[in-house]
Amino acid sequence: MGLSRRDFLKVSATGGLLAASALSPVPVLAREPRERLPEAVGILYDATVCIGCKACMAACKEYNNLPPDHSTPDSIWDNPLDLSAKTYNIVKLYTNGTGQFKDQETNGYSFIRRFCMHCVDPACVSACPVSAMTKDHDTGAVVYNKDACIGCRYCQVACPYNIPKFQWDQAFPQIKKCQLCSHRLAQGNYPACCEFCPNGASIFGNVQDLLKEAKRRLALTPGQTATYPLHRVDSQDRRERLVTPYQNYIYGKTDGGGTQVLILSGVPYEKLGLPTLPGESTAATSETLMHSLYKGMIAPYVVLGGLFYIVYKNTTKQDLP
Amino acid sequence: MEHAHEPVGGNIITKPFLFLAELALVAFILIIYRYIYGLGAVTNLSDGYPWGLWITYDVLVGTALGCGGYAMALLVYILNRWQYHPLVRSAVLTSVFGYTLAGAAIFLDIGRYWNGYHLFLPWYVNFNSVLVEVALCISAYVVVLWIELAPTILEGSSHPRAQAIRERLERWLPVIVAVGILLPTMHQSSLGTLMIIAGYKLSPLWQTGFLPLFFLLSAITMGFAVTIFESILSSLAFKRPFETPLIAEIGLTMAWIIGVYLVLRFADLAWRGYLGLIFQGNLTSKMFILENLFYLAAFLLMISPALRQRAQWLFVGSAAMLLAGALYRFNAFLIGYSAGPGWRYFPALSEIIITLGIIAVELMAYLYIVKKYAVLTKVEHL
Amino acid sequence: MQDKDLERLPEHFGMVSRRDFLKVCAVVTASLGLPMAAAVKIAEAVASPQRPPVIWLSGQECTGCTETLLRATHPTVESLILDLISLDYHETLSAAAGYQVEEAKRKSIEANRGKFILVVEGAIPTKDGGVYCMIGGKPMLDLVRETAPLAAAIIGIGSCASWGGIPSAAPNPTGAVGAQEALGDKFKVINIPGCPPNPYNFLSTVLYLLTFKKVPDLDAQGRPRFAYRRLIHEGCERRAHFDAGRFALEFGDEGHRRGWCLYKLGCKGPETFNNCPALLFGDVGARSWPVGTGCPCFGCSEKGVGFTAPIVAQASLERFTPAGMPYKTGEGQRVGGGALRLTPPASYPPITPPEGHGPSAATVGLAAGLAGAALGAGAVAAMKIGRQEGKTDDKAGED
């Protein structure tokens, strides 16, 4: 049985309406990527300066009241294998070959500290249905509010760095992650990891200043001695050290829309587990799609109107009881 | 309309029903365990795989299987194919169970369920989130489905006001149906949009801006498939004649939509330059191939006029389509998703049993209602 | 040690009983890292009637290294060393003086060519012909250069003899150098740096030489590896405080009184190789070493650190390896980090550790079983459908 012209028109009309509502990936109203906040604060982590002492891990545990995270059967040591609900900050080790040479890709080793990157355009903030993940308007820190959270774990799916962790073993679970020591920031202090880093691998400051410092370091010549600030980027406490070669790239400057945690390293970043991301956050992509479809709920109402009209016409024709 | 449908009748408590009840009971005990000891105690979910069997099967596949009502509404009320009208009731029934239990499964899965109502409070809701759209739409749709089922239940009710209410509802039919078509269009596509934000974590074989369209098309075809499937199985189980001529047409419509879907799917993959990934021989490529083989099988079976006239092949074809759509959802949310090397996931025993329990409850409810209420079409008893 | 072995040894060694002597050998064996059976060999070597001669030359020294030996207590050095070895020349300890002692030295060297141990204490000035240290009218430089070729082994005791020590501190007006540098590459000097060094490092080295007739394993700077292989930072009892970021910030503050890490007060433990935290000093019990008493280590034994780096400057914590330091450091620039620390400890997680929960036999079995059952049921259903359809067709055919 062939389609009558009338049927054909109905099919295409409906199909068109449906396609309009399911829509295409072409952004109609692209969501602008978020800019860095002017007062945003962050951390510059320089893997070449890091000695793997883990004072930052110990300090983070202390100032966030986190329990030890066991990974061996004897359950004596706090030695997490990865970030978890009990570990907001971890130092990992990259090795290659003989693992002899610090911050070298081949036959070398490097430390890498992983914790929340406090993105400029956070995917977790975009994803969270109940605004449990929010970005502070001043500091730009991405913070979690357990009282809003429903535990859906969409933030875990969204985060390109797999940072938010869930308390799988709790009856009343929360999402756990680094909050940039917002509780300490509120008191005029700064993140514990930076305060306790003895070597100046992690320093705190306004992100614009951190970017400047990172650029300064990339411009240094390996083999020369230079002074590096300790704890804060504007600290008077500085130490001299021998400059070693860097990867000529500041990770976090634009990656995934940019982050407030910047990383420098001698080893290529993918080898350290930092993903290669496009310049736009997936939050922007997802929201663009959503906004094109549902901005002001216009398209749905239009479609609804159309559907109602067709259904009405068809049912009245049928003279249904 | 009352005269076109009848209850199946017969004993509610049968051997299959009891088996399902046992399964449901075990699952219920495990669910209590989940609430006392946390999600980690009954599932293999982890930080690298926060969404597992429950979200993928219970919610995604479950709602897609519940798209029978949606697909039939499109056919009957939009395309004006009134010969399918008798099938609408059972389609709606399946949808009601699919969606209600998917909603229940969501509440089982979320960790801080006591805050669940925040989804409906404007001062909590983040309208940028795809999940909000999904949650609100599904909630609204569950309500709409129950309203669509109401006439069936009210018919069989002896309550004095029942018939009056039913008549009132029937007058609002066009609005209810229109909403009942808009809502699944919105949320079935948004279920696909959910994975956009995962970015590189979802394999390029599935990650595309067309995710919403593909999810919508597969939901519609699954809706048709489940209608055919369920019709044949009911006929078989209750020893009623097959509604072959009717469902064959649905099969044809389904085949065309599959065709369009496959063309778009592969065109998109080619345009993005990832066709090569199909031949890598790893798990994701094998699953991709399997998923599309199921689609192809369904297409070939349904497009053939001869095979379409046989209930046997309609059954196989619709089963293939259901497998294809289910596998597509599993691939896009679970198998094609990876937080990074080193992470692995396979559902735990208790996790699987709870899912089976939910399916058991669905089946038990279906059996109860079709036996007690006029859902299935009347059969001329000779 | 078996009893019959013990009987081979004499009952007394000078004033020391066999028992006490064996205790010493056991201690020395342990500190050398040798198996206990070696203690007997050492005892035999030391107890042999033929006491090897030692010529002890003193340059620009404060005699602290001699003093430190004098304070060894197990055994007391004066009875043991003077009875076990023949100390033929020592400016401080010799009873004789002047021409007499110089003559004794000349005679001993003559009689024991190729058999004596030369010990150098103190730095050797090289400027202006070495006039800044003259003994018996001769520059120390000449004395060392004359004596060294005739010795069986050369030990430089103390930082001064090892690399120049205090006299070599900037601006080094006398051109003070260590024994190795004064002698050049043709000779291998065993360096026992420290200011002063732990006496048992010296004692163990000498006993090793006597027992095994060869030099113990040395590192690139000629230091015995059994004593100088580890950074002080690696063996420090306050390391846990360092690792947890607990630092004393001022002398006498809360942290200092609680015994926290002294890194921020300028402790050079991370740059200094020595075994001070293990052996301690003075045999008076726990914490009898600088850091243990609350005084930051200043790197007395380490060239480029002790008497070179500012005492308050924070030590470099990075571990360069020889291949990782290809850049020339400038004149007077402090060499950062130890040259020998290679691979970091194993207690770090890898970049991608295995995580999550995968399949188990039960779950895979169940899943496979369910899939199989579903397929089976589907096949059965399909067949039944076919049969039921067939019946309906026949019926229809009949009508």
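Please read these numbers as outputs of a predicted model, since none were measured by experiment. Sequence lines set the chain letters: A, B, ... in the order given, protein chains first and strands last, and positions in each chain run from 1.
B:Met195 places a side-chain heavy atom less than 4.5 Å from the side chain of A:Val157.
Between chain A and the options B:Val76, B:Ile36, B:Leu194, heavy-atom pairs under 4.5 Å are most frequent for B:Leu194. Most heavy-atom pairs under 4.5 Å with chain B, from the set A:Phe308, A:Tyr312, A:Tyr309: that is A:Phe308. Of the residues considered (A:Ser84, A:Cys152, A:Pro278), A:Cys152 shows the highest number of contacts with chain B, using heavy-atom pairs under 4.5 Å. Highest contact tally toward chain B, considering only A:Ala158, A:Ala85, A:Gly305, A:Gly256, is held by A:Ala158 [criterion: heavy-atom pairs under 4.5 Å]. Taking B:Pro174, B:Pro50, B:Gly342, B:Ala178 one by one and counting their heavy-atom pairs under 4.5 Å with chain A, the maximum is reached by B:Pro50. If you tally non-hydrogen atom pairs under 4.5 Å between each of A:Ala123, A:Ala284, A:Ala127 and chain B, the highest count goes to A:Ala127. Ranked by non-hydrogen atom pairs under 4.5 Å with chain A, the options B:Val134, B:Val177, B:Asp109 are led by B:Asp109. In terms of heavy-atom pairs under 4.5 Å with chain A, the best-connected choice from B:Leu131, B:Val175, B:Leu202, B:Val132 is B:Leu131. Counting heavy-atom pairs under 4.5 Å between each of B:Tyr35, B:Tyr37, B:Phe127, B:Tyr117 and chain A puts B:Tyr37 at the top. When each of B:Ala41, B:Gly38, B:Gly111 is scored by its heavy-atom pairs under 4.5 Å with chain A, the top score falls to B:Gly111. Heavy-atom pairs under 4.5 Å with chain B peak, among A:Thr276, A:Asp147, A:Thr285, at A:Asp147.
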Only pairs under 3.5 Å count here: list side-chain donor-acceptor contacts from residues 210-219 of chain B, not counting sequence neighbours, and write none if there are none.
| unit_1 | atom_1 | unit_2 | atom_2 | d |
| --- | --- | --- | --- | --- |
| B:Ser218 | OG | B:Phe214 | O | 2.9 |
| B:Ser218 | OG | B:Phe215 | O | 3.0 |
| B:Ser218 | OG | B:Arg329 | NH1 | 3.0 |
| B:Ser218 | OG | B:Arg329 | NH2 | 3.4 |

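Residues B:Asp47 and A:Arg153 are not paired through a salt bridge, judged by the lack of any N-O separation under 4.0 Å between the basic side chain and the carboxylate.
At least one donor-acceptor pair closer than 3.5 Å links the side chain of A:Ser131 to the backbone N or O of B:Tyr124. The backbone N or O of A:Ala148 lies less than 3.5 Å from a partner atom in the side chain of B:His118, making a donor-acceptor pair.
Residue A:Met290 comes nearest to B:Asn128 through the heavy atom pair CG-O, 4.4 Å, listed as atom of the first residue, atom of the second, then distance. Between A:Cys149 and B:Asn115, the shortest heavy-atom contact is O-ND2, 2.8 Å. Nearest heavy atoms, A:Leu289 versus B:Ile196: CD2-CD1, 3.6 Å. Across all their heavy atoms, A:Pro129 and B:Leu119 have their closest contact at CB-CD2, 3.8 Å.
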Problem set entry | Derivation of the side chain to side chain contact (heavy atoms under 4.5 Å, CB included) call for A:Phe166 and B:Leu45 | CA-CA 10 Å; A:Phe166 190 72; B:Leu45 297 170; over 6 Å; no
Exercise. Given A:Asn162 and B:Lys201, is the side-chain hydrogen bond (donor to acceptor under 3.5 Å, both in side chains) satisfied, shown in steps?
Worked result: CA-CA 10 Å; A:Asn162 300 310; B:Lys201 293 199 283 186; 2.8 Å; yes
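Each of B:Thr185, B:Leu182, B:Leu183 was scored for a side-chain contact (heavy atoms from CB on, under 4.5 Å) with A:Leu304, with one residue passing: B:Leu182.
In this structure, B:Ile55 CD1 and A:Tyr154 OH are separated by 11.5 Å, a value rounded to the nearest 0.5 Å. Note that CD1 of B:Ile197 and OG of A:Ser286 are 4.5 Å apart. Values are rounded to the nearest 0.5 Å. Rounding to the nearest 0.5 Å places CD1 of A:Ile150 at 13.5 Å from OH of B:Tyr113. Atom CD of residue A:Glu287 and atom OG1 of residue B:Thr193 lie 12.5 Å apart, to the nearest 0.5 angstrom. Atom OH of B:Tyr49 is separated from atom CD of A:Gln156 by 13.0 Å, given to the nearest 0.5 angstrom. From B:Tyr77, atom OH reaches atom CG of A:Leu307 across 13.5 Å, with rounding to the nearest 0.5 Å.
Contacts of B:Trp123 with chain A are absent, with no heavy-atom separation under 4.5 Å from either backbone or side chain.
Contacts of residues 168-175 of chain A with chain B at a heavy-atom distance below 4.5 Å involve A:Trp168, A:Asp169, A:Gln170, A:Ala171, A:Phe172, A:Pro173, A:Gln174, listed in sequence order.
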